[in-house]
Amino acid sequence: MKDNFINQLSLDLFHQLEDNTKNTAEVLTLPDGKPMPNAEVIIYRSFFNELESNTLFQELLNNIKWRQDRMKLYGKEHDLPRLIAWYGDEGRSYTFSGIPMNPDTWTQTLLSIKQKTEETVEVEFNSVLLNLYRSGKDGISWHSDDEKELGKNPVIASVSFGEARRFQMKHKLDKSLEKLEVNLTNGSLLIMKGSTQHHWQHQIPKTAKAVEPRINLTFRVIQTTK
DNA sequence: GGCAGACCACAATA
DNA sequence: ATATTGTGGTCTGC
Ligand SMILES: [Mn+2]
């Protein structure tokens with residue numbers, strides 16, 4: 001029963017690649033239309049269709065092992081303003097922000113999303129970091145995906161489900177460059193590669209508006225410890 | 001009038 | 001040595 005659902009899901013996902021004409025790559029540019037310097041960012045605005053996206057959102061919301069991590073800052077402990085989960089190849093461990101981590105092993109749903117993503121991005125990923133932004137009170141502030149275990153010029157593939165959230169990027173050094181922004185909508189795929197992480201930061205700003213949850217999957221190739 | 005954004009203050013870690 | 005993290009406050013401007 002569950003396997004049938006998954007098989008049907010995988011089939012649907014496979015066919016969508018050929019059938020969905022909206023599944024096209026758009027290169028992100030500066031607000032004035034000029035190319036982003038020192039960055040390669042591509043978005044597929046309808047990588048998954050609406051129906052698939054809604055199904056996958058519910059499935060992930062219910063079945064992923066979401067964790068509430070905490071961090072200490074200025075002498076106070078805070079819950080991170082988001083829930084996270086790590087999944088990856090079995091038997092591998094790695095360090096994330098200096099903390100040794102054992103990823104949970106891939107679920108069928110994650111594997112079908114991973115496979116479809118890999119076919120388009122043409123990279124084989126070995127792990128995924130999932131973020132759950134429960135409301136407008138959740139977000140993540142300016143940072144780069146520059147963990148050492150991601151290596152130089154990492155390819156990061158970010159799939160979004162649920163409520164759309166603003167995704168902003170700014171150049172680390174050249175403050176004359178305008179901030180740029182893209183809406184990460186239900187079913188979209190954003191790819192960052194090349195030197196993007198060396199020269200740019202990104203964030204998901206919090207918002208005072210009432211927003212429904214968003215789930216984000218960032219597929220990565222990490223150097224495993226073992 | 002609600003929201004976004006730009007400030008600021010607040011340590012400890014790499 | 002420098003950049004980072006999240007919260008919460010104030011202030012401005014749309
Ligand atoms: Mn990131």
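Any value given below was found using the heavy atoms of this structure, including those in side chains, with hydrogens, waters and symmetry copies removed. Lettering follows sequence order; numbering is per chain, from 1.
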*asked:* If the condition is side chain to side chain donor-acceptor pair (under 3.5 Å), which residues does A:Glu122 pass it with, not counting sequence neighbours?
replied: none
*side chain to side chain donor-acceptor pair (under 3.5 Å) partners for A:Asn153, two or more places apart*: A:His198
*So what is the end-to-end bend of the helix from B:dG2-C:dC14 to B:dA14-C:dT2, with 5 pairs used at each end and the value given to 10 degrees?*
40°
_At a heavy-atom distance below 4.0 Å, what parts of residues 169-186 of chain A sit against DNA chain C?_
none
*What parts of residues 193-208 of chain A reach DNA chain C, counting only heavy atoms under 4.0 Å away?*
A:Gln201, A:Lys206
*Excluding sequence neighbours, so at least two apart, what forms ring-ring contact (aromatic ring centres under 6.0 Å, His included) with A:Phe167?*
A:His202
*Would you list the pairs meeting ring-ring contact (aromatic ring centres under 6.0 Å, His included) in which at least one residue belongs to residues 101-142 of chain A, sequence neighbours left out?*
A:Phe125-A:Phe219
*Other than A:Tyr74, which residues form its hydrophobic cluster under the rule that side-chain heavy atoms must be closer than 4.5 Å?*
A:Leu73
*Does anything in residues 123-132 of chain A pair up under side-chain hydrogen bond (donor to acceptor under 3.5 Å, both in side chains), and if so which pairs, sequence neighbours excluded?*
none
Between protein and nucleic acid, restricted to nucleotides 9-14 of chain C and to nitrogen or oxygen atoms under 3.5 Å apart, what atom pairs and distances do you find?
none

Per-pair distances, 0.1 Å, donor-acceptor, side chain in residues 29-38 of chain A, under 3.5 Å, sequence neighbours excluded:
unit_1: A:Asp32; atom_1: OD1; unit_2: A:Lys34; atom_2: N; d: 2.9
unit_1: A:Asn38; atom_1: OD1; unit_2: A:His171; atom_2: NE2; d: 3.2

Check: protein-nucleotides 11-14 of chain B nitrogen or oxygen pairs below 3.5 Å:
unit_1: B:dA11; atom_1: N6; unit_2: A:Tyr74; atom_2: OH; d: 3.0

